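One structure below.
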Amino acid sequence: MIANFTCPAMKPPLLFSPVRLGVLALSLAADASLRESGLRERGTLARLDQAVEGAGCSWLLKSAAALALAPALGEELFFRGLLQRSLEVRLGPGFAIPLASLAFAAVHGDAVHALAAFVLGLYLGAVAYLSASVRGAILCHAANNLAAVGFGASGLGDLSLPSAAIPALLALAVAALRVARRAAARAR
């Protein structure tokens, strides 16, 4: 199941670049929503920002590997590559994606981080399903986590987007999945 990393008929720039942009848009929308509600500063997301803020280059590279790359690879291989695919066989993608996303959310600790992880898990699950591969989900997850580490280290993690930007960011994420769906349909 996990060994199927390729989908030769799909061109990575066509499928994966838009979905990476989409996951970043979704992440920004989730972050803005959590900040607006006042929940963002209560949990592990705020502590992660504080942990990497002002980090030097060496420490930042280690943080990127530990907080961005390793989780993207390990979590996506497990949650999308193993769990979601196993559930798809038994229940179909309509149940598999949300169930794998719930499990993904549960391992992220506090309720605020879990809420954001659930939303992103749905997106990552759709990417994995549409591409018939975990590669896209790994790349999206890594892009999201690297952006989070970068924003936190630069101090930009404290910036808050206006609530009016949230619908546009969500629309961008949906549009990216539509591009992925069309690419998957053409590849079949």
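Small disclaimer: the values here were computed from a predicted structure and weren't measured.
Few gaps surround CZ on Phe104; more than 12 heavy atoms of other groups in view lie less than 6.0 Å from it.
The shortest distance between side-chain heavy atoms of Phe95 and Leu87 does not fall below 4.5 Å. Contact annotation: the side chain of Val107 approaches that of Phe79 to within less than 4.5 Å [non-hydrogen atoms, C-beta and beyond].
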Is there a side chain to side chain contact (heavy atoms under 4.5 Å, CB included) between Leu161 and Leu169 once you walk through the steps?
-> CA-CA 10 Å; Leu161 292 173; Leu169 291 166; 3.7 Å; yes

Fill in: Residues Val174, Arg178; criterion side chain to side chain contact (heavy atoms under 4.5 Å, CB included); working and verdict
CA-CA 6 Å; Val174 169; Arg178 285 186 169 171; 4.3 Å; yes

- Worked verdict on His113 versus Arg47 for side chain to side chain contact (heavy atoms under 4.5 Å, CB included): CA-CA 11 Å; His113 197 171; Arg47 287 196 299 275; over 6 Å; no

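When every heavy atom of Ala116 is checked against every heavy atom of Leu45, the shortest pair comes out as CB-CD1, 4.4 Å. Pro18 and Val179 make their closest contact through CG-CG1, 3.9 Å (heavy atoms, listed as atom of the first residue, atom of the second, distance). Scanning all heavy atoms of the two residues, the minimum distance from Leu26 to Ala173 falls at CB-CB, 3.9 Å.
Side chain of Arg85 to backbone of Ala132: a donor-acceptor contact under 3.5 angstrom is found. Between the side chain of Glu76 and the backbone N or O of His141, no donor-acceptor pair lies under 3.5 Å. In terms of modelled atom types and a separation under 3.5 Å, the side chain of Tyr129 and the main chain of Gly94 share no donor-acceptor contact. The backbone N or O of Leu82 lies less than 3.5 Å from a partner atom in the side chain of Ser86, making a donor-acceptor pair.
Checked against side chain to side chain contact (heavy atoms under 4.5 Å, CB included), Ala68 has the following partners two or more places apart in sequence or in another chain: Asn145, Leu146.
Residue pairs meeting the salt bridge (charged side-chain N to carboxylate O under 4.0 Å, His left out) criterion with at least one partner in residues 86-112, sequence neighbours excluded, do not occur; the list is empty.
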